[in-house]
Student: 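Handing you a structure now.
Because only heavy atoms are used, hydrogens play no part in the values below, and waters and symmetry mates are left out as well, while side chains stay in. Each ligand, and each atom within it, is numbered from 1 in the order the structure gives.
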Amino acid sequence: MRDGGKGYDPATAVLIAALCAASAALLLVDGAKGDEDEFPTLLINGFTATHAAGSPSPFEPVLYAPNRAFAFGFLRVGPGSLDLAVVHLPSSLPLWRATPARLGDWVPPRHALLRHHPRPHHRRRPGTTTVLWQTLNAAGDTVALLNSSNLVVRRYSKPLPAWQSFDHPGDTLVAGQNFTAASPPLISSNRRFALQLGASSMALHMELYGGRARSPAYWRHTALEEPPAGNATKAPVYGRLDGRGFFGMYLDGDDGERRVDVLSFDTFAEANLAGAFFRRMTLDDDGNLRAYYWADGGGQSTKAWTAEYEAISGPCGLPTACGAYGLCVLGDEAQCQCLTTPCHAGEEETTDLCDLAGGQHVAEFDVVRRTRVTVAYKEQLPPFATNTTAAACEAACAGNCRCWGALYSGASGYCYLIDFPVETMVYDADDAKVGYFKVRKVQSQTRRGMAPGAKAATTAVLALVLVSLVAAGAYMGYRMWERKEEAA
Ligand SMILES: *[C@@H]1O[C@H](CO)[C@@H](O)[C@H](O)[C@H]1NC(C)=O
Ligand SMILES: *[C@@H]1O[C@H](CO)[C@@H](O)[C@H](O)[C@H]1NC(C)=O
Ligand SMILES: *[C@@H]1O[C@H](CO)[C@@H](O)[C@H](O)[C@H]1NC(C)=O
Ligand SMILES: *[C@@H]1O[C@H](CO)[C@@H](O)[C@H](O)[C@H]1NC(C)=O
């Protein structure tokens, strides 16, 4: 950012000028003390920074938290993509990212605070610069990064932030961050898993068909204390990672916040560690929800993230441990086998088997039957029938194009239908546990679906903008504030 004013090529300078004229932005950086210039802690409306394409470090900070543990800036991801990110500086880990794949944040541009100009070899005309990301429905005058890593946009006159990154988590929650029913779900960075909050529980879900279809749950945690029953307007629980080493679930009542559940981490009892560690909770790409701490400073500092909690223990408990149509076999070490021959593991289904009306099978499929098979998240599948036979269980699935598989347990007579593409099953040494699976026939010229998010990530990102909305209004507000300050 220190070079921000020098590095423009003429085309970009023109572009910024045009942008400024259109949005009445002004360029100002908090620079009260000369020493602080190197570590700005406040950005003011109209602030502009340019990403230096040739910089050796993938992360280019433009804004620091006062405790200097976190910074906000440009993060290069691979050769062609750029994010805005809040990074934990000791570990270089991005805690929050304004990724273009977050479709909900895409709205037309109005007003730029931070921008990235095209790299020469992209050969796009400067006029085609597009906004990569901006805050939604938030008007602000300043941007600051708090000691908690929360990025906040504020109006000068308002004590509450107009927008804060804590309300828009990606795959990670940090201490002090409320995860509420209004928050978007936590999404793993590969976008295959989501953590969602219900009225009195939280659950991990598989995101299928790029999130277009129902997301089946594979793990659920219900608050010990239920919200008071019989009140239709009752507030749902919300969760918050506590710096002391637990994830609490809370209810707001008349007498303030009430804790209704605690998921405690391994280090919870070691009270002397409170506050010494920086903690995060991340939905990892394998679908597990884990808490980690980073011990910084002190002689015994680990200088690494140490896991202190995981929602699902054991590799076979993870929903896609062995890929699609995989079979996870627990032994001294977990082993992956295949339900089908040849093995389909790793191939993700992108559509279902039904016609558009949803009544008939359109895709051709083979049938695979296996004994000694079950699924790790059976409790999350609603039982289709509880006192039935293997044949009836299979028939219920065979005739339903939404069904990809049926699991029957001879001991209990329970039948479970899998109404989503079959993922990893688990070996269970019980001959009465039988499975029926549909395997789509591979067409010779099958077009492979693009992994969700891949398009957005590979599209050359030409402009990166953190936007403060209400362009002219915000500017006028600032001018008036400035005049008042001058007059005072
Ligand atoms: C943030 O951290 C800095 C340095 O540790 C400290 O001086 C400052 O008081 C903290 N700010 C708040 C609001 O806690
Ligand atoms: C989290 O929620 C509590 C209780 O509603 C509130 O007091 C606190 O300010 C919230 N924290 C943030 C960062 O929004
Ligand atoms: C239901 O909840 C609302 C909001 O929390 C509260 O104002 C109301 O008194 C509750 N009603 C009953 C019958 O508990
Ligand atoms: C289960 O089904 C069998 C045979 O249809 C029947 O005799 C039995 O009463 C059923 N049991 C229950 C608990 O419904």
Side-chain angles (χ1 to χ4, degrees), residues 30 32-33 35-43 61 63-72 86-91 95-96 98 135-138 140 142-156 158-170 172-186 195 197-200 202 223 225 227-228 231 233-263 273-282 291 293-298 301:
D30 180 39
K33 296 180 204 104
D35 177 45
E36 304 259 302
D37 273 349
E38 295 226 21
F39 302 100
T41 55
L42 190 71
L43 304 179
L63 176 68
Y64 289 83
N67 61 10
R68 308 243 174 116
F70 312 100
F72 169 66
V86 171
V87 166
H88 178 242
L89 293 173
S91 66
L95 298 172
W96 179 84
T135 60
L136 198 59
N137 300 329
T142 63
V143 181
L145 189 59
L146 307 185
N147 284 349
S148 58
S149 85
N150 193 5
L151 182 73
V152 298
V153 176
R154 281 206 170 92
R155 298 305 299 265
Y156 285 121
K158 300 256 172 71
L160 285 177
W163 182 94
Q164 55 179 358
S165 62
F166 269 18
D167 292 340
H168 304 269
T172 294
L173 298 171
V174 301
Q177 180 171 9
N178 291 326
F179 184 56
T180 72
S183 313
L186 218 60
L195 175 71
L197 209 58
S200 62
M202 56 179 181
E225 217 180 300
N231 191 340
T233 61
K234 72 192 170 199
V237 293
Y238 57 95
R240 188 170 62 234
L241 181 62
D242 194 293
R244 288 169 287 180
F246 64 89
F247 188 83
M249 284 165 86
Y250 303 86
L251 273 174
D252 272 339
D254 298 335
D255 46 353
E257 185 179 76
R258 191 157 56 89
R259 196 161 74 209
V260 291
D261 194 70
V262 168
L263 276 179
L273 300 178
F277 290 173
F278 174 68
R279 294 191 151 82
R280 67 179 166 103
M281 200 172 202
T282 298
Y293 67 86
W294 178 271
D296 206 20
S301 98

Student: Please work out which of the three classes, parallel, tilted or perpendicular, describes the rings of W163 and H168, given edges at 30° and 60°.
Tutor: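 Judged by the thresholds at 30° and 60°, the geometry between H168 and W163 is parallel.
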Student: Using a strict 4.0 Å cut-off to heavy atoms of Q164, name the atoms of ligand 2 that fall inside it.
Tutor: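 Those of ligand 2 that fall under 4.0 Å from Q164 are 14 (O).
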Student: Say whether Y238 and D252, considering side chains only, have a donor N or O and an acceptor N or O under 3.5 Å apart.
Tutor: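 Yes, a side-chain donor-acceptor pair sits under 3.5 Å.
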Student: Using a 4.0 Å cutoff against the non-hydrogen atoms of G176, which atoms of ligand 2 qualify?
Tutor: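 Close to G176: 13 (C).
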Student: Under a 4.0 angstrom heavy-atom cut-off, which atoms of ligand 2 come close to R240?
Tutor: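 Counting atoms of ligand 2 from 1, those under 4.0 Å from R240 are 1 (C), 2 (O), 3 (C).
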Student: Parallel, tilted or perpendicular for H88 and F70, by the 30°/60° rule?
Tutor: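 Aromatic pair H88/F70 classed tilted.
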Student: Could you pull out every protein residue that has a heavy atom closer than 4.0 Å to ligand 1, ordered by chain and then number?
Tutor: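 Around ligand 1, where the cutoff is 4.0 Å for heavy atoms, the contacting residues are P66, N67, N147.
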Student: Just wondering, do L195 and P185 contact through their side chains at under 4.5 Å, heavy atoms?
Tutor: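 No, side chains not in contact.
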Student: With sequence neighbours excluded, tell me which residues meet salt bridge (charged side-chain N to carboxylate O under 4.0 Å, His left out) with R154.
Tutor: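 Partners of R154 by the salt bridge (charged side-chain N to carboxylate O under 4.0 Å, His left out) criterion come out as none, since no residue qualifies.
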Student: Can a non-hydrogen atom of Y238 be found less than 4.0 Å from any atom of ligand 2?
Tutor: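 Heavy atoms of Y238 do come under 4.0 Å of ligand 2.
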Student: Could you tell me whether the side chain of R240 reaches within less than 4.5 Å of the side chain of F179, counting heavy atoms only?
Tutor: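 A side-chain contact under 4.5 Å is absent here.
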Student: Can you list the ligand 2 atoms lying under 4.0 Å from a non-hydrogen atom of E257?
Tutor: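 Those atoms are 3 (C), 4 (C).
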Student: Under the rule for salt bridge (charged side-chain N to carboxylate O under 4.0 Å, His left out), what residues qualify as partners of D242, not counting sequence neighbours?
Tutor: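 If we apply the salt bridge (charged side-chain N to carboxylate O under 4.0 Å, His left out) test to D242, skipping adjacent residues, the hits are R244.
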Student: Who are the ring-ring contact (aromatic ring centres under 6.0 Å, His included) partners of F166, not counting sequence neighbours?
Tutor: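 In terms of ring-ring contact (aromatic ring centres under 6.0 Å, His included), with neighbours along the sequence ignored, F166 is linked to no residue.
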